[in-house]
Structure formats: structure tokens, C-alpha cells
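Taking it in order: structure first as C-alpha cells, then the write-up.
For the numbers below, each heavy atom of this structure counts, side chains included, while hydrogens, waters and symmetry mates do not.
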Amino acid sequence: MAAAAAATAFFPSIPTPRPRLTATVVCRPPPIFTGATDAVPPPEDEDSSDDDDDAGAAPRRSGRKDRRRAVRIAWEKLVRWSRSWRRRNRSDVLESTRKVVVLGGGSFGTAMAAHVAAKKADLEVAMLLRDDLVCRSINNTHINCKYLAEHRLPENIVATTSAADALAGADFCFHAVPVQFSSSFLESISTHVDPKLPFISLSKGLELNTLRTMSKIIPRALGNRRQPFVVLSGPSFAVELMNKLPTAMVVASKDKKLASSVQQLLASPNLRISTSSDVTGVEIAGALKNVLAIAAGIVEGMSLGNNCMAALVAQGCSEIRWLATKMGAKPTTLSGLSGSGDIMLTCFVNLSRNRTVGLRLGSGEKLDKIMSSMNQCIYLSLGC
């Protein structure tokens, strides 16, 4: 301080430095409501020991206790309201759904029909097929004689070849027709489709020549660009879904409310459904992973080794991510269930049809022979 006084004497314009006062403010964050089942009430403030010396300490402590009690009661009411709202919201979609239609009777369409039908005994699930023999098999014996014949279907599944009967009064429509036949098929039934009927696409691939995805094909073929649309994708084999093995998938839609409704319709103890708004990312990943799976099968068939397999799949994932993001997809979608999850399942598991085709090609078989020996759709050339 002596130095400061001397400096002031010679330089009177310089103000005398003042000691800097610092204070530490401790902010307690407000309680965050997470919607958890076992919610914890907000923390209580501790009584200050300094109040014990004051004459009015007792009334002040009583007032604080009353305020804390009021906050606790309000918090508990909010938790109870949230629980009841979630239960009501979850049940509303399934309870209000009376009929679901599945277009196509392949393995995954059959598995999805069985999954939805098993959730509610009085729910009508109509399968629109083109094969009279399969229709009779499902209606009479509750077995799809062509696909997943070893599994018995729920009795509330009804098969028909009439589009008018299948679509009448439907609340949701699952589209499981192969991509390359979707345009012509949808155009033929467009007069029976309600403009507000939500379409849930199970088909993966790109339409040859046009390179359109199902989110473009369905509205164009139906003549309604506002047709509600959801895409369902993820690592899922139909046979494991039928066996009720743990599975996780994602539904994507520009309409968040619609995506949430489909999530509630499909979610079950063995099927976990996530929601997304990235329709482009989910569709592109689901289409291009099939080409990568065929290449992975070729590597296996030619016995090129694990190093080559890892390099192929890693570079393929990188290229899919690059293309999808250029088309407007979110990078996080490509690393999720519909991206990396589906790629791993399709490239490395023997149940994959596309990997099987590549494996046989790499072993020296001709493509025509392979295609004629398989009764399921193979996603060659970006789609089927």
C-alpha cells in the first residue's frame, strides 16, 4: 500500500487501487423431470443453524416446511399425471385400431402380420395376396404354405385376393411388395386406398431406371402426394421375429406423431421400436446395404480371407455414408439400427439372402441358376 500511496503522490490522476471483492455463487439446478417410473421428489433445503439464535426462527422454519411440502405434493401429482398419460397414450393406438392390412405375403410381410395380430385378439389383420393357394392355406390351416410354413399364424389373420375387401376400413397399411413391382401394383389398387391411410413400408431398395425410393413411389403411384408414409427398417430376420427373439428396429417419418403411433402399434416385449425423422437416411441405408451384402458373399465364396472382408465392408459403409449425407441424410442415422446394424446382419449372417447369392456367385455358380432356385426376392442392382 505504501507503493500505491507514493504513486498517487507523483501521479494524482491515477486512482488508488481498490481491493477486488469476489463472491462464489452456488446455484442448485432445478429438478429435471425424466418421466422415470421411480421418480425422486425434488431435494429439500436444509435449515440454517443461524436461525436458532433468532426470536422468529420457529415460524420461519414452519413456513419453509410448508413450502417444501407444497412443492413435494405438486411434484408427486406431476409424476402421477405423467405415468397415467403415458399409459393412456400407449394404449390408445392399439385400442383404437380395428383393422390392419398387409400388402404382400412374403416372409417378412407374413412375420409382421403375425406380430401385429398376436398383440390383440380382436384385431383384424387382412393379407392381400395374389396366390389363391396361399390364401386358402392361411384361411383354412393358418399356415403360409409358401413362406415360413413351419410357423402357425394367429387365427385373426385373414387372407384375400380382393383389394376392396382387404383395404376396407383399414387403420394402417403395411406395404411388403417388392420394390420393382410396387408402382404397377399400387396403381391397380389406388381406387380402394383411403387418402388418409398411413402406409408403413417394409420394402427395401431403389426402383430401377428411376432410382426412386418407396417414399417417392407410393405417393406417386397412388396419385396422392400427401399420403401418410412411414418406413420401417433395421436388423431383422423374419424367422427370428416369428420365434419372438429380441429384435430392434426403427420407424422413420416426417410426421413425428405418426411415427410415434406406429411405434406404439408395433412395440412389444421382444420388439423394440425407435423413431426417427430421417426418412432419406433410413431408406438409402436399407437399399444400398443389400449390394454390399452380395459383395461380402462373393468375398466369402472366393475365400479371399477376413482381411479382405473387413476392408470391403468398412469401405462400403464409408461410401454409403458419403452418398446418403449428400442426399440429405443425417450421419447418425447411418451409424444406427437402419445403417450399421442392418449392414452387419446382412453381410455377416448366413440367413441373409443377398449374402447367399454372393456366396454362390463367388463359388462359381451362374446367376440364372441361383435366381431360379430361390423363391424370395434378391436385391440385385440396387433393388428388387
Side-chain angles (χ1 to χ4, degrees), residues 108 175-176 178-180 182-183 199-221 225 227-237 247-256 258-259 262-263 272-299 309-349 352-355 357-358 377-384:
F108 201 77
H175 183 278
V179 174
Q180 303 310 323
S182 292
S183 290
F199 267 70
I200 305 167
S201 175
L202 311 180
S203 307
K204 299 177 182 179
L206 302 178
E207 189 177 48
L208 296 177
N209 301 323
T210 66
L211 299 183
R212 291 194 300 250
T213 60
M214 291 306 304
S215 61
K216 303 294 190 299
I217 294 174
I218 290 177
R220 184 184 181 92
R225 62 186 183 90
Q227 193 77 40
F229 176 83
V230 179
V231 57
L232 175 68
S233 186
S236 52
F237 285 139
T247 305
M249 303 182 72
V250 58
V251 291
S253 176
K254 298 297 183 181
D255 186 342
K256 293 184 179 180
L258 177 58
V262 176
Q263 178 189 40
R272 181 182 184 274
I273 302 292
S274 302
T275 60
S276 172
S277 60
D278 187 9
V279 175
T280 299
V282 172
E283 285 195 299
I284 293 300
L288 299 185
K289 60 94 180 178
N290 294 303
V291 181
L292 188 57
I294 295 174
I298 293 174
V299 170
M309 177 71 74
L312 170 77
V313 175
Q315 187 62 33
C317 289
S318 177
E319 293 181 4
I320 291 175
R321 185 180 301 108
W322 177 86
L323 177 61
T325 52
K326 290 294 183 181
M327 297 176 67
K330 299 176 182 178
T332 53
T333 303
L334 282 303
S335 60
L337 289 171
S338 59
S340 299
D342 215 356
I343 288 173
M344 287 189 289
L345 186 76
T346 311
C347 291
F348 301 138
V349 181
S352 168
R353 302 189 302 269
N354 295 282
R355 184 183 184 278
V357 170
C377 182
I378 304 302
Y379 295 88
L380 295 171
S381 301
L382 304 182
C384 179

Check against side-chain contact (heavy atoms from CB on, under 4.5 Å), I343 and I320: CA-CA 10 Å; I343 288 173; I320 291 175; 4.1 Å; yes

Minimum heavy-atom separation for [X] and [Y], please, with both atom names.
{"X": "G341", "Y": "P235", "value": "O-CB, 3.5 Å"}
{"X": "A329", "Y": "G281", "value": "CB-CA, 3.4 Å"}
{"X": "L258", "Y": "P228", "value": "CD2-CB, 3.8 Å"}
{"X": "S236", "Y": "L345", "value": "N-CD2, 3.3 Å"}
{"X": "A296", "Y": "C347", "value": "CB-O, 3.9 Å"}
{"X": "G205", "Y": "A287", "value": "CA-CB, 3.6 Å"}

Between [atom1] on residue [X] and [atom2] on residue [Y], distance to nearest 0.5 Å:
{"X": "S183", "Y": "I218", "atom1": "OG", "atom2": "CD1", "result": "9.5 Å"}
{"X": "M249", "Y": "L232", "atom1": "CE", "atom2": "CG", "result": "3.5 Å"}
{"X": "H175", "Y": "L202", "atom1": "NE2", "atom2": "CG", "result": "9.0 Å"}
{"X": "I298", "Y": "R355", "atom1": "CD1", "atom2": "CZ", "result": "11.5 Å"}
{"X": "N290", "Y": "N354", "atom1": "CG", "atom2": "CG", "result": "4.5 Å"}
{"X": "I294", "Y": "S352", "atom1": "CD1", "atom2": "OG", "result": "8.5 Å"}

Set of residues satisfying side-chain contact (heavy atoms from CB on, under 4.5 Å) with respect to T275, sequence neighbours excluded: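 For T275, the residues satisfying side-chain contact (heavy atoms from CB on, under 4.5 Å) (neighbours in sequence not counted) are V251, A259, Q263.
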
Do any side-chain atoms of residues 209-217 form donor-acceptor pairs under 3.5 angstrom with protein atoms, and if so which ones, sequence neighbours left out?
residue: T210; atom: OG1; partner: E207; partner atom: OE1; Å: 2.6
residue: T210; atom: OG1; partner: R212; partner atom: N; Å: 3.4
residue: R212; atom: NE; partner: E207; partner atom: OE1; Å: 3.4
residue: R212; atom: NH2; partner: E207; partner atom: OE1; Å: 2.9
residue: T213; atom: OG1; partner: S215; partner atom: OG; Å: 3.0
residue: T213; atom: OG1; partner: E283; partner atom: OE1; Å: 2.9
residue: S215; atom: OG; partner: E283; partner atom: OE1; Å: 2.6

Name of the residue among V262, V279, V282 meeting side chain to side chain contact (heavy atoms under 4.5 Å, CB included) with V230: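 That would be V262.
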
Side-chain touch L334/T332, heavy atoms, less than 4.5 angstrom: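 Contact flag for L334/T332 side chains = no.
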
Contact check, side chains of L288 and L292, non-hydrogen atoms, under 4.5 Å: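 No. Closest side-chain heavy atoms not under 4.5 Å.
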
Pairwise side-chain hydrogen bond (donor to acceptor under 3.5 Å, both in side chains) hits with a residue in residues 338-347, at least two apart: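 As it turns out, the side-chain hydrogen bond (donor to acceptor under 3.5 Å, both in side chains) pairs with a partner in residues 338-347, which skip direct neighbours, are K204-D342, K289-T346.
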
